[in-house]
Colleague: 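Pasting in a structure now, in structure tokens, and then I'll have a few things to ask.
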Amino acid sequence: MFNSRERSLLLCLSLLAAAGTAADAAEPGHYGYGVKATPEQLAGWDIDARGDDGVGLPAGQGTVQKGSEVFADQCAACHGTFGEGEGRFPKLAGGMGTLRDDRPEPTVGSYWPFAPTLWDYINRAMPMPAPHTLSADDVYALTAYILNLNDIVPNEFVADRNSLPKVKMPNHDSFTWTDPRPDTMAKPCMSACADPADIKIMSTAEGRNLTPRTTGPLDTMQPK
Amino acid sequence: MRGNVRPPPWRNMPVVSRLAGTRSPLLGRRSFLGLGAALTGSFALGATRGNAEPAPSSPPADAPWSQSIGAGVVDRPYGKPADTEAGVIRRNVPWLTAGTESSVSFSPLQDLHGSITPNGLFFERHHAGRPDVDPAQHRLMIHGLVERPLVLSMKDIMRFPSVSRIHFIECPANGGMEWRAAQLNSLQFNHGMISCAEWTGVRLSTLLEEVGIKKEVQWVLVEGADGAHMNRSLPLAKCLDDCLVVYAQNGEALRPEQGYPLRLLVPGWEGNVSIKWLRRIKLGDRPWYSREETSKYTDLMPDGTSRGFTWLIDAKSVITFPCPEKPLDGAGLYEIRGLAWSGNGRVKQVDVSVDGGVNWQSAQLHEPVLTKALTKFTLPWRWDGRPALLESRVIDQTGYVQPTISQLRQQRGSNSVYHNNSIQTWQIKPDGSVFDVQLA
């Protein structure tokens, strides 16, 4: 077999060989298809604001007061005047301290880790029936209002590209960003894996009346 | 009938009383009791048990369709299923979401027979409804920390070297309604947010090399052209490994519901990162922490902490026959059938238990067994007519073993919504009916 020097030499040679055939393809612009993005095109589509540090937030600002007006006009029909959520539309406020409960209530206030994410999401997706129709100032105002509904910022708070990244969200420290799975470690047993006497049905869907029909036309079943 | 405004299929359904009594010996009884019963949805499978009805079109009679000439070619220039299959459709759970625009529909797994999902039955998850995009005007912008920001048309994208790969897409909320307890008595609603197709497009790495990746790049933002501009952050390494930017699904252009004209395909990872109607890719040095990776698609643990960036679909399997929608038709020999998959590679083994997990037998895997794709398995079973508890358990190529729901709950409680890949238990009653249950 090869010693380590020979092995690294071989590796270099094979990399060179690969480079010989693929170098052109790896070169930017090798295919030359498409057109270079213009500054105007980039300005129109480069809409993201980064959640943790707010990079990408535009100029502009908005107050809690202004936000309450825009909210009443454009958002309250679904989310409720104070963010309490109409029907099954999401609650935007409340739920503080419920995350360990049997029925947790994750909201902007109780769950979201970053404030600039709120600006980014309203700007990219709301109001649901007419997205991308709000000015940057109005989005800042709505962000201020929703944070204020959650008692995260005071009444006189003004949201802008500098103030939002500094807002500390209550649930900020509860997130981990590396996946700990696999976390179950089940074993592949094939026979006598359990005592048959321990096999008990703990819950059944029988008779629960939650299942829409799976034949004929679509079901319109509503909650009981 | 082609196009977006297809009338509901049952509207065209003829009276099918001449098919009454049709039986499919292996899959139990497919009841075609006629339009009235189908419309009210009131018939139960097996309701006609024991009523051998006259079958005027079966032997010795010559069937009416044998005594006339059929419709000619291009009668249906774009083919569609037989009218009697009108009930095989994607379905939703109306009480689950506020409206249908940010919602899900489920594939009818109980009526599917292989590892490829027909395009019209592929499950749906939209965040702002299905946009109808004009491919002539659609553009993909690639920019950020790159040498050469580009705007590509569909024509440009289709000129790049193409690849075709078979992969599943699963929503991480598949089975999410079962974290607390067995709730929905249905294969379709408990497992139907998985589908699998052959995808054709260009490697994402080809596009990223074309724009030139600056050396500080670690993360990639991907964004859709839908009303929600749905967006996620992906590590560069995954983008360069096996991600595809695809324009075709099972040989034809993507369906609008699947992102026409262009979507991302991130093999083995939760479905929402495979951004549909893909319009923008931005290279950066840090993740974006968008709403869809903070407020949603994070897993809430019992201690109140949350796991973010849990993209992987762990190995999972489910028995698709029998199931609540397809009960057994009396004691005798059956073929247990099911599907298995893993986001970590190939399925290595599937075991089946008929006694609630006390004893297991290995099922036969059917070719092709592909990485990050649905794999079909079968096992012959002679049912003695007594109560049984059917389960399947997959082991993937990494040796990972599919857990039970109680093993999952021990680790994650029952509030985490996503990534329920637990073993499904089907309870078989002596009359052959099947129920979704959870065991201790």
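Here is how names work: the chains are called A, B, and so on, in the same order as the sequence lines, proteins then strands, and each is numbered from 1. Keep in mind it's a predicted model, so treat the numbers as computed, not measured. Side chains included, hydrogens not; waters and symmetry mates left out as well; all remaining heavy atoms used.
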Colleague: What part of B:Ile213 is in contact with chain A, defined as an atom under 4.5 angstrom from a non-hydrogen atom: side chain, backbone, both or neither?
Modeller: neither
Colleague: State plainly whether the residues B:Arg291 and A:Asp120 are in salt-bridge range, i.e. N to O under 4.0 Å.
Modeller: no
Colleague: Is it true that B:Asp303 and A:Arg100 make a salt bridge, defined as a side-chain N closer than 4.0 Å to a carboxylate O?
Modeller: no
Colleague: Let me know if A:Thr220 has heavy atoms under 4.5 Å from chain B in its side chain, its backbone, both or neither.
Modeller: backbone
Colleague: Does any heavy atom of chain B fall under 4.5 Å from the side chain of A:Trp45, the backbone, both, or neither of them?
Modeller: both
Colleague: Side chain, backbone, both or neither: which part of B:Lys429 has an atom under 4.5 Å from a heavy atom of chain A?
Modeller: side chain
Colleague: Measure A:Asp46 against the heavy atoms of chain B and call it side chain, backbone, both or neither at under 4.5 Å.
Modeller: both
Colleague: Let me know if B:Gln407 has heavy atoms under 4.5 Å from chain A in its side chain, its backbone, both or neither.
Modeller: both
Colleague: So which part of A:Met128 gets closer than 4.5 Å to some heavy atom of chain B, the side chain, the backbone, both or neither?
Modeller: side chain
Colleague: Given a strict heavy-atom distance threshold of 4.5 Å, which part of A:Pro106 is in contact with chain B: side chain, backbone, both, or neither?
Modeller: neither
Colleague: Need one label for A:Asp198: side chain, backbone, both or neither, based on atoms under 4.5 Å from any heavy atom in chain B.
Modeller: backbone
Colleague: Using heavy-atom distances under 4.5 Å, tell me whether B:Ser406 contacts chain A through its side chain, its backbone, both, or neither.
Modeller: neither
Colleague: Sequence neighbours left out, what passes ring pair (Phe, Tyr, Trp, His ring centres under 6.0 Å) with B:Trp288? Give chain and number order.
Modeller: none
Colleague: Which atoms of B:Gln183 come close to chain A, meaning under 4.5 Å heavy atom to heavy atom: side chain ones, backbone ones, both, or neither?
Modeller: both
Colleague: Hey, can you tell me if B:Phe160 and A:Tyr31 have their rings parallel, tilted or perpendicular (30° and 60° cut-offs)?
Modeller: perpendicular
Colleague: Is the closest basic N to carboxylate O distance between B:Glu325 and A:Arg213 below 4.0 Å?
Modeller: no
Colleague: Between B:Asp285 and A:Arg50, is there a salt bridge with N-O shorter than 4.0 Å?
Modeller: yes
Colleague: Please classify the contact of B:Thr425 with chain A as side chain, backbone, both or neither, using a heavy-atom distance under 4.5 Å.
Modeller: neither
Colleague: Name the region of B:Ser153, side chain, backbone, both or neither, that has any atom closer than 4.5 Å to a heavy atom of chain A.
Modeller: neither
Colleague: Under a 4.5 Å heavy-atom cut-off, does chain A meet the side chain of B:His127, its backbone, both or neither?
Modeller: backbone
Colleague: Pick one: which of B:Arg307, B:Gln411, B:Met301 meets side-chain contact (heavy atoms from CB on, under 4.5 Å) with A:Pro180?
Modeller: B:Arg307
Colleague: Please state whether the side chain, the backbone, both or neither of A:Ile47 comes within less than 4.5 Å of a heavy atom of chain B.
Modeller: both
Colleague: Any ion pair linking A:Asp48 and B:Lys282 (charged N to carboxylate O, less than 4.0 Å)?
Modeller: yes
Colleague: Any side-chain heavy atom of B:Glu223 sitting closer than 4.5 Å to one from A:Arg124?
Modeller: yes
